[in-house]
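So the structure is just underneath, and the comments pick up after that.
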Amino acid sequence: MKAQEKELIYNLLKAASGNFYGYTSPVYQKSPCFTDDKIIEKPVSPSFTQTEKKENIKSDSVLSLSEKIENCQRCPLHSTRTNVVPGMGVIGSSVLVIGEGPGEEEDKQGLPFVGPAGQLLDKMLAAIQLDRNKNCYIANVVKCRPPYNRDPKPEEALACKSFLDAQIHLLKPKIILALGKVAVKNLLNIQEEFSLNKYRKQIFEYNNVPLIVTYHPSALLRNIEFKKPAWEDLKFFKSELEKLCPDYAKDFIQ
């Protein structure tokens, strides 16, 4: 409040008191010195664009989902795991890479693809200007390691399906790269035995997202003859990705 406003109110009260009592009250014998109130500025909250707000909400949602996955006990795999492996990567990126499930090293660290197969995967992705720390996200069909690195059972994959579907819903990738027969079998709902080669260089869909198939990095470590067709798959994947997201590699630095 300004000093003038305070003085005006004071004089009104003084006049009202004199009219009521018939004399000036001792309280009003000496006029005080009025000063302006100090204005305390509130800290300005940072402003965010609508895009930034959406990304913050999306990040919080993905984090919340990861916490639910970490507490999951839907199937027996929870009793043998060391760590849950929800996934990792850049939220809001165009590419989602999906493998089958965590291995021994992934189970120890709680991160996907960090063992020898993961090191090879990083090289494969780098060859087409993708990086888990810059412009893609990596997840698995199942989030807990099956004992002895066996293939996950159908009921184990089914128990994790809603988590994977929720990740896809939140991450909203433009395209999916499926690694290996286990991932392909579950994502494309294939019941019979099949050859992965039959599904290569084609575009499928999972939850309305384009999906392309290639070999799992661990298969490439065991069978060197798969490396050439895997490279062909990656080039095919890159060509489709460039159609959907021409600038996907703008922030990639090898």
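We use all heavy atoms of the structure for the numbers below, so side chains are in, but hydrogens, waters and symmetry mates are not.
- Among pairs with a residue in residues 64-119, those fulfilling ring pair (Phe, Tyr, Trp, His ring centres under 6.0 Å) read F113-H216, at least two apart in sequence or across chains.
- A search for salt bridge (Lys or Arg N to Asp or Glu O under 4.0 Å) contacts involving R200 returns E232, D233, not counting sequence neighbours.
- Here D122 pairs with R132 under the side chain to side chain donor-acceptor pair (under 3.5 Å) rule; sequence neighbours left out.
- For K227, the side chain to side chain contact (heavy atoms under 4.5 Å, CB included) criterion is met by L220, I224, not counting sequence neighbours.
- Residues L234 and M124 meet the side-chain proximity criterion, which asks for heavy atoms closer than 4.5 Å.
- Taking SG from C144 and CZ from R74, the interatomic distance works out to 11.0 Å, rounded to the nearest 0.5 Å.
- Counting only residues at least two apart or in different chains, ring pair (Phe, Tyr, Trp, His ring centres under 6.0 Å) contacts with residues 146-180 are absent.
- In this structure, the side chain to side chain contact (heavy atoms under 4.5 Å, CB included) partners of L111, at least two apart in sequence or on a different chain, are M88, Q109, V114.
- With sequence neighbours left out, R150 forms a salt bridge (Lys or Arg N to Asp or Glu O under 4.0 Å) with E156.
- In this structure, A139 and P86 approach most closely via the heavy-atom pair CB-O, 4.1 Å.
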Side-chain polar contacts of residues 173-191 - donor-acceptor pairs under 3.5 angstrom, sequence neighbours left out - could you list them?
| residue | atom | partner | partner atom | Å |
| --- | --- | --- | --- | --- |
| K181 | NZ | F194 | O | 2.8 |
| N186 | ND2 | V182 | O | 2.8 |
| N189 | OD1 | Q191 | NE2 | 2.8 |

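- Legend: residues meeting side chain to side chain donor-acceptor pair (under 3.5 Å) with D151, ordered by chain and number and at least two apart, are absent.
- Of all heavy-atom pairs spanning C75 and A159, the tightest one is CB-CB, 4.1 Å.
- Smallest separation of non-hydrogen atoms from L120 and P217: CD2-O, 3.5 Å.
- Every side chain to side chain donor-acceptor pair (under 3.5 Å) that D107 has, sequence neighbours left out, goes to T82.
- No side-chain heavy atom of V84 sits less than 4.5 Å from a side-chain heavy atom of P102.
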Would you sort out whether K134 and Q129 count as a side chain to side chain donor-acceptor pair (under 3.5 Å), showing the intermediate values?
-> CA-CA 10 Å; K134 294 183 177 71; Q129 290 77 54; over 6 Å; no
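- The shortest side-chain heavy-atom distance between P210 and E240 does not fall under the 4.5 Å cut-off.
- Between I138 and L125, the closest side-chain pair of non-hydrogen atoms falls below 4.5 Å.
- You'll find the side chain of L130 reaches within 4.5 Å of the side chain of Y248, heavy atoms only.
- The two residues P112 and V85 come nearest to each other via the heavy atoms N-CG1, 3.3 Å.
- In this structure, F226 and A219 approach most closely via the heavy-atom pair CD1-O, 3.9 Å.
- Atom CD of E155 has more than 12 heavy atoms from other residues, nucleotides or ligands within 6.0 Å.
- Applying the side chain to side chain donor-acceptor pair (under 3.5 Å) test to N207 and every residue at least two apart in sequence or in another chain returns D165.
- In this structure, L196 and V213 have side chains that are in contact, with non-hydrogen atoms separated by less than 4.5 Å.
- Without hydrogens or angle criteria, N149 side chain to G103 main chain gives no donor-acceptor distance under 3.5 Å.
- The nearest pair of heavy atoms linking K143 to Q167 is NZ-OE1, 2.7 Å.
- Side-chain contact between C136 and V90 is absent, with no heavy-atom pair separated by less than 4.5 Å.
- For the pair L96/I98, a side-chain contact is recorded, criterion being any heavy-atom separation below 4.5 Å from C-beta on.
- E205 is linked by a side chain to side chain contact (heavy atoms under 4.5 Å, CB included) to N208, counting only residues two or more places apart in sequence or in another chain.
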